[in-house]
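Predicted, not measured: the structure shown is a model, and the values here were computed from it. Note: hydrogens, waters and symmetry copies are ignored here, and every other heavy atom, side chains too, is used. Lettering of chains follows the sequences in order, A, B, ..., and the numbering in each one begins at 1.
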Amino acid sequence: SAVISQKPSRDICQRGTSLTIQCQVDSQVTMMFWYRQQPGQSLTLIATANQGSEATYESGFVIDKFPISRPNLTFSTLTVSNMSPEDSSIYLCSVRGGDGTFSYEQYFGPGTRLTVT
Amino acid sequence: GENVEQHPSTLSVQEGDSAVIKCTYSDSASNYFPWYKQELGKRPQLIIDIRSNVGEKKDQRIAVTLNKTAKHFSLHITETQPEDSAVYFCAARFTTSGTYKYIFGTGTRLKVLA
């Protein structure tokens with residue numbers, strides 16, 4: 001499986017500010033996914049990040065609030081903009097393992113725990 | 001729309017007993033169904049999965065069954081142990097506009113009582 005790292009692991013931010021979360025993978029992957037997991041809740045897909053094209057956002061998530069970059073096949077960033085306490089959550093990036101092979105398994109990074117005060 | 005329902009939301013079993021978690025999905029074209037285990041403060045870990053061309057898959061104490069006609073799949077854990085206590089999520093792979101995504105169920109908090 002792919003080795004996925006995220007930075008920062010956690011942060012406490014003031015409302016109105018922005019935070020950029022980085023996701024690094026140890027192998028090239030075509031598709032990267034960003035999820036949000038609110039306390040005690042399930043995993044909600046924010047967007048799919050493809051290299052060389054704009055991210056595809058799910059209903060309820062917009063680019064102005066969650067801009068995503070995907071400069072190459074091993075890296076992506078998610079920015080949480082103009083934060084409010086409702087943005088307090090864990091943000092996880094995810095990739096499909098074995099990109100280029102017939103593999104469906106999806107693996108998660110360790111997550112970034114964001115608290116907005 | 002794309003939806004995965006999961007039941008029950010919480011499940012308590014005695015150590016050694018079996019646990020069953022059930023999920024239903026909305027899109028009959030979905031072809032891949034993973035299960036994740038998430039321990040407190042950790043990332044979701046893939047524990048077993050099944051593709052639509054098989055009806056059952058087993059890995060030691062865990063198994064997954066799939067009923068394509070009814071659009072539901074289940075996780076079975078036998079001989080439960082305290083370390084099985086965690087939140088379990090099912091998911092389904094949905095294909096859309098030439099790409100794909102995974103939608104997750106709402107989760108089941110499993111408690112194995114010693």
Tell me whether [X] at atom [atom1] has more than 12 heavy atoms from other residues, nucleotides or ligands lying less than 6.0 Å away.
| X | atom1 | result |
| --- | --- | --- |
| A:Gln38 | CD | yes |
| B:Glu15 | CD | yes |
| B:Lys22 | NZ | no |
| B:Leu113 | CG | yes |
| A:Gln14 | CD | no |
| A:Arg15 | CZ | no |

Report yes or no: do A:Leu114 and A:Ile12 belong to one cluster of Ile/Leu/Val/Met/Phe/Trp/Tyr joined by side chain heavy-atom distances under 4.5 Å? no
Grouping I, L, V, M, F, W and Y whenever their side-chain heavy atoms are under 4.5 Å apart, do A:Val29 and B:Tyr100 come out in a common cluster? yes
Count the heavy-atom pairs under 4.5 Å between each of B:Gly107, B:Pro44, B:Ala91 and chain A, then report the option with the highest count. B:Pro44
Partner chain A: residue of B:Val87, B:Ile103, B:Asn31 with the largest heavy-atom pair count (under 4.5 Å): B:Asn31
Side chain / backbone / both / neither for B:Gln38 at chain A, heavy atoms under 4.5 Å: side chain
Smallest separation among heavy atoms of [X] and [Y], with atom names:
| X | Y | answer |
| --- | --- | --- |
| B:Arg43 | A:Pro110 | NH2-CB, 3.5 Å |
| A:Gln41 | B:Phe89 | O-CZ, 3.8 Å |
| A:Gln106 | B:Tyr36 | O-OH, 2.5 Å |

Side chain, backbone, both or neither: which part of A:Glu58 has an atom under 4.5 Å from a heavy atom of chain B? side chain
Region of A:Phe108 that comes under 4.5 Å of a non-hydrogen atom in chain B: both
For A:Glu105 and B:Tyr32: C-alpha separation, side-chain torsions, deciding distance, then whether side-chain contact (heavy atoms from CB on, under 4.5 Å) applies. CA-CA 9 Å; A:Glu105 293 88 356; B:Tyr32 174 69; 3.7 Å; yes
Separation of B:Arg93 CZ from A:Tyr104 OH (nearest 0.5 Å): 4.5 Å
I'd like to know whether B:Tyr102 forms a side-chain contact (heavy atoms from CB on, under 4.5 Å) with A:Leu45, so could you lay out the CA-CA distance, the side-chain angles of the two residues, the decisive distance to 0.1 Å, and finally the verdict. CA-CA 8 Å; B:Tyr102 296 82; A:Leu45 181 63; over 6 Å; no
For residues B:Phe104 and A:Tyr35, determine if any side-chain heavy atom of one lies less than 4.5 Å from a side-chain heavy atom of the other. yes
